[in-house]
**Student:** 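Supplied in structure tokens, the structure appears directly below.
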Amino acid sequence: QVQLQASGGGLVQAGDSLRLTCSASGGSFRRHVASWFRQAPGKEREFVAAINWDGSNTNYADSVKGRFTISRDSAKNAAYLQMNRLKSEDTAVYYCACGRITSVTVAPLPGRMDYWGKGTLVTVSS
């Protein structure tokens, strides 16, 4: 059983940067694909980014490519989402998740994630 906790959200202005942290405990997080999803008010949860177990492969939603970077630190049992050049449309609750899958290609499917953490709110003012 893996427990996940997302942190690092806050209120920023458009163009600013923010770094989210996903802290994991229990289970085998370091062997799972780690992902970030987000849910904006009134919208469905959407995929943001994913990284495989050793960081050699990543996958990003088109809306964040070139602005967001996902990474992980196995020694710290954590994953990160560096968000640069934030836009108002990035405002959402951000969730970290992990799945017992080997390919980041299927990570955008929420049903492939086995564990979810509570979200952290990111608000970008324009």
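Heavy-atom basis, side chains included; hydrogens, waters and symmetry copies ignored. Just so it is clear, the structure is predicted and the values come from calculations on it, not from any experiment.
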**Student:** Show the nearest heavy-atom pair for residues Gly10 and Leu18, with the distance to one decimal.
**Tutor:** N-CD2, 3.9 Å
**Student:** For Asp16, give me all partners under side chain to side chain donor-acceptor pair (under 3.5 Å), at least two apart in sequence or on another chain.
**Tutor:** none
**Student:** Is the shortest distance from a Lys or Arg side-chain nitrogen in Asp90 or Lys87 to a carboxylate oxygen in the other one below 4.0 Å?
**Tutor:** no
**Student:** Can you check whether Ala50's main-chain N or O pairs, donor with acceptor, with Asn59's side chain at less than 3.5 Å?
**Tutor:** no
**Student:** Do the side chains of Leu20 and Trp36 get nearer than 4.5 Å, heavy atoms only?
**Tutor:** yes
**Student:** Between Thr120 (side chain only) and Gly9 (backbone N and O only), is there a donor and an acceptor less than 3.5 Å apart?
**Tutor:** yes
**Student:** Compare every heavy atom of Ala107 with every heavy atom of Val33, then report the nearest pair and how far apart it is.
**Tutor:** CG1-CB, 4.1 Å
**Student:** I need the single residue from Val12, Val48, Val122 that forms a side-chain contact (heavy atoms from CB on, under 4.5 Å) with Met83. Which is it?
**Tutor:** Val122
**Student:** Can you give me the closest heavy-atom contact between Tyr60 and Lys65, atom names plus distance?
**Tutor:** O-CE, 3.4 Å
**Student:** Partners of Glu46 by side-chain contact (heavy atoms from CB on, under 4.5 Å), sequence neighbours excluded?
**Tutor:** Arg38
**Student:** Any sub-3.5 Å donor-acceptor pair from Arg67's side-chain atoms to Ser63's backbone N or O?
**Tutor:** yes
**Student:** In plain terms, say whether Asp54 and Arg30 are close enough for a salt bridge, that is, a side-chain N and a carboxylate O under 4.0 Å apart.
**Tutor:** no
**Student:** Could you give all pairs that pass the salt bridge (Lys or Arg N to Asp or Glu O under 4.0 Å) test and reach residues 102-115, with sequence neighbours left out?
**Tutor:** Arg100-Asp114
**Student:** My understanding is that only residues two or more places apart in sequence, or in another chain, count here; which of them pass disulfide bond (SG atoms under 2.5 Å apart) with Cys98?
**Tutor:** none
**Student:** Could you tell me which non-hydrogen atom of Ile101 sits nearest to which non-hydrogen atom of Val106, and how far apart they are?
**Tutor:** CD1-CG2, 3.7 Å
**Student:** Report yes or no: does Ser126 contribute a side-chain atom to a donor-acceptor pair with the main-chain N or O of Ser88 at less than 3.5 Å?
**Tutor:** no
**Student:** Going by heavy atoms in the side chains, are Leu81 and Phe68 under 4.5 Å from each other?
**Tutor:** yes
**Student:** Can you see which heavy atom on Ser17 is nearest to which on Asn84, and at what distance?
**Tutor:** OG-OD1, 2.9 Å
**Student:** Would you say the side chain of Tyr80 lies within less than 4.5 Å of the side chain of Ile70, judging by non-hydrogen atoms?
**Tutor:** no
**Student:** Aromatic rings Trp116 and Tyr95: how do their planes relate, parallel, tilted or perpendicular, breaks at 30° and 60°?
**Tutor:** perpendicular
**Student:** Among residues at least two apart in sequence or on other chains, which ones pass side chain to side chain donor-acceptor pair (under 3.5 Å) with Ser23?
**Tutor:** none
**Student:** Leu4 versus Phe29: any side-chain heavy-atom pair under 4.5 Å?
**Tutor:** yes
**Student:** How would you list all residue pairs meeting salt bridge (Lys or Arg N to Asp or Glu O under 4.0 Å) that involve residues 70-85, not counting sequence neighbours?
**Tutor:** none
